[in-house]
2 protein chains.
Amino acid sequence: MKTGLFSFPTPFTPPTTEENDLCSLRLIRSPRIGAATFHRLVAEHGSAAAALAELPERARGAGLSGYSPCSESEARAELRAGHAAGARLIVAGDPLYPQNLAMLADAPPVLWALGNPALLAGPAVAVVGARAASSLGLRMARLLGRELGEAGLRVVSGLARGIDTAAHEASLPTGTIAVMAGGVDVVYPPENHALFQRLREIGLILSEQPWGLRPTAAHFPRRNRIVAGLSAGVVVVEAAPRSGSLITARLAAEQGREVMAVPGHPLDGRAGGCNALLRDGATLVRGAQDVLAALGPLAVAPPPPEDAHHDDAPATDTPPDNAPKTNDPAAAAPLRRRARVDYGPGADNAAPPNAAPPCPAGADTAPGPRILAHLGAAPVAEDQLARDLGLAPEALSVALLELELDGRIERQPGGLVARRG
Amino acid sequence: MKTGLFSFPTPFTPPTTEENDLCSLRLIRSPRIGAATFHRLVAEHGSAAAALAELPERARGAGLSGYSPCSESEARAELRAGHAAGARLIVAGDPLYPQNLAMLADAPPVLWALGNPALLAGPAVAVVGARAASSLGLRMARLLGRELGEAGLRVVSGLARGIDTAAHEASLPTGTIAVMAGGVDVVYPPENHALFQRLREIGLILSEQPWGLRPTAAHFPRRNRIVAGLSAGVVVVEAAPRSGSLITARLAAEQGREVMAVPGHPLDGRAGGCNALLRDGATLVRGAQDVLAALGPLAVAPPPPEDAHHDDAPATDTPPDNAPKTNDPAAAAPLRRRARVDYGPGADNAAPPNAAPPCPAGADTAPGPRILAHLGAAPVAEDQLARDLGLAPEALSVALLELELDGRIERQPGGLVARRG
């Protein structure tokens, strides 16, 4: 599979998987490139490599002097560190890439996976909740973890103290996935070191963040979108009002996933978040049966794509270079049920990037200032913005990219855009 | 107001209130006359007196030999006992009769009231729940009782141990109504003797049952329909699955009332009933604010009818003979918002009963056997029965009355009919 040195693809020589991994990693690790922008650029240019090649020019066009994308050596260093630790990089479009996650507009372009990536193939449900959980809450998390696992679902959570830990522990024998806010190699919280090791052995640990990154507050909501995004639904077991678990639930609702909550007595403050979710229409969960009833057919694994079942052995001894991968759209397509991230036929069959890509930046009487004047701190949907400003979607898209590269706007989950600072 | 001896009304001499009370009491205390039948007969004949006069003939027509209605002396004895104890008889149509209750097809034809019947004028909410309540449940019942009372609602419950008792005690200062399953004078459960006395002094105790009746199991669901029927909504605070509180909630739903429930942790068995209600669509209640939000305008007292606000003094010193009453339909009509029990203009203005009432019993090729053949132990809606058997509603109505008098069928709440035994 190795085709030699990394190079930008040229017509009629589709990029190898290794090249695509490296270019994807470089593109997402480049400054001011978020997940949504990543997908937009790849869709526009046909491949990560082509998008990466255009990036300096686009930055110059946006008036950004001195913009440099993530260098090949930085990306190679991250890949080396990951592979040396037995981790595997799963890039969007890879047959192993989880289909539920692929539906997100801001699906993580790359995922580091430590443990058994075959767990990504089954249907999954998130079980999340408070760190300071009650004994009833912990019992419920263990019950749900065990019974949902026995029903064939992967249990996804965030390795936090309390509910998350209980849910992971109970579902270790059947398959559990921890999504980290920092690097996939950074044990957080530190006291979960033993559980982390067990997950690495028989479960799965995922992160979209660079190797070695220590998480800060801003990383947790980003992580939570992956917890929800991997899952057909999210069960909140116990949560205070305004807690991180409620962010996960809100993101799940935005993603069109089933939101479920375990009720508690209103005079117990730890039930406040769950009861608020229930008042807002979440499904009341008394046990695993209620979750299975709510998920219905979503709790059943879809037929796997042809090439996805190669991976019974843990990834620790299957670095990505040796794993069969494919860019064949026929293999990748069934992974997406209602995909919102779709690079189009040009991307799926790795056709050469458009020799003269449409690049109308600056040609549209520079809509950037109008966009900034219209935007506030409150996020606005992109299509709403196009209507408000009377801009063609493509023109808006290009202008937003310039503003994002320039650090003037911020993309948020659900196709929302907000002004920065 | 006294017009002399009781007599059946004749054209142009409307019955006095005293006469109507006595006839209503005799009619409902007559064998095999339930609340729904009572209302049907009064609607058909124009008054309780006329219905009572026709009863022996109708019973003979139905082949019931030896049928005798409740005698005048029996009814007078009950009235004497009630009045001697300071209780007041409130008959359907009386301005004091609670408007919410009047909407029921099987509204109690008579109510004994011990305490302050003026409490019947305000908007009311039922707070019910388990006898074996948790400390959190009891705290919630007290909170709801106090705060809903302070918000201007009467708190209705059933004087049972646990939740009911806590709700009554907390709402004594603002106005609370206990509905008894047995006679209004029978303290049940006996340990609530002190609370019973306080209710008699500053609250209200109600019962549709004969004076002195000791309750048996069958009386409690009948009582529960009154608890729900008095109220704009029912809050279940804590309830095991298959408990009496759930019967109250079901009846409330059938009556079109708001059904609300306080959630609890699913691993606490005492929350099973409430969580089941919530899964079935009940409104989740975390405190009084949620109840008030759910009830909205129903939590506000409607403008009282002109004659209804005469009664600031407790009924203990105002026996019914001295209380102003009226048969004026203009006074009684505003009490009913969407009345299902409506005796029509002939009843409301106490017009003379039809001299030749339609009495097609036996004239319809005797549908009785067909009805019995069609009915099983599972209750069937009366209109469904009419469709199934191709019977005109009037013909079915008459036939069902005969069968009810004959003890062959049983009417159940919600317009349902079932075969007996």
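A note on names: the letters A, B, ... follow the listed sequences, proteins ahead of strands, and every chain is numbered from 1. Any value given below was found using the heavy atoms of this structure, including those in side chains, with hydrogens, waters and symmetry copies removed. If you're wondering where the values come from, they're calculated on a predicted model, not measured in any experiment.
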Looking only at side chains, do B:Asn192 and B:Thr165 share a donor and an acceptor under 3.5 Å apart?
yes

Who wins among [options] for the most heavy-atom pairs under 4.5 Å with chain A?
| options | value |
| --- | --- |
| B:Ala271, B:Pro263, B:Ser134, B:Gly287 | B:Pro263 |
| B:Asp268, B:Asp290, B:Leu278, B:Leu143 | B:Asp290 |
| B:His265, B:Glu238, B:Arg139, B:Met140 | B:His265 |

Criterion side-chain contact (heavy atoms from CB on, under 4.5 Å) against B:Val179, the qualifying member of B:Ile205, B:Ile226, B:Leu204
B:Ile226

Hey, which of B:Ile247, B:Leu251, B:Thr248, B:Leu101 is the one that makes side-chain contact (heavy atoms from CB on, under 4.5 Å) with B:Arg225?
B:Leu251

For side chain to side chain contact (heavy atoms under 4.5 Å, CB included), just list the numbers for A:Glu258 and A:Thr283, CA-CA rounded to whole Å, side-chain angles, deciding distance to a tenth of an Å, and then say yes or no.
CA-CA 8 Å; A:Glu258 188 74 26; A:Thr283 298; 2.8 Å; yes

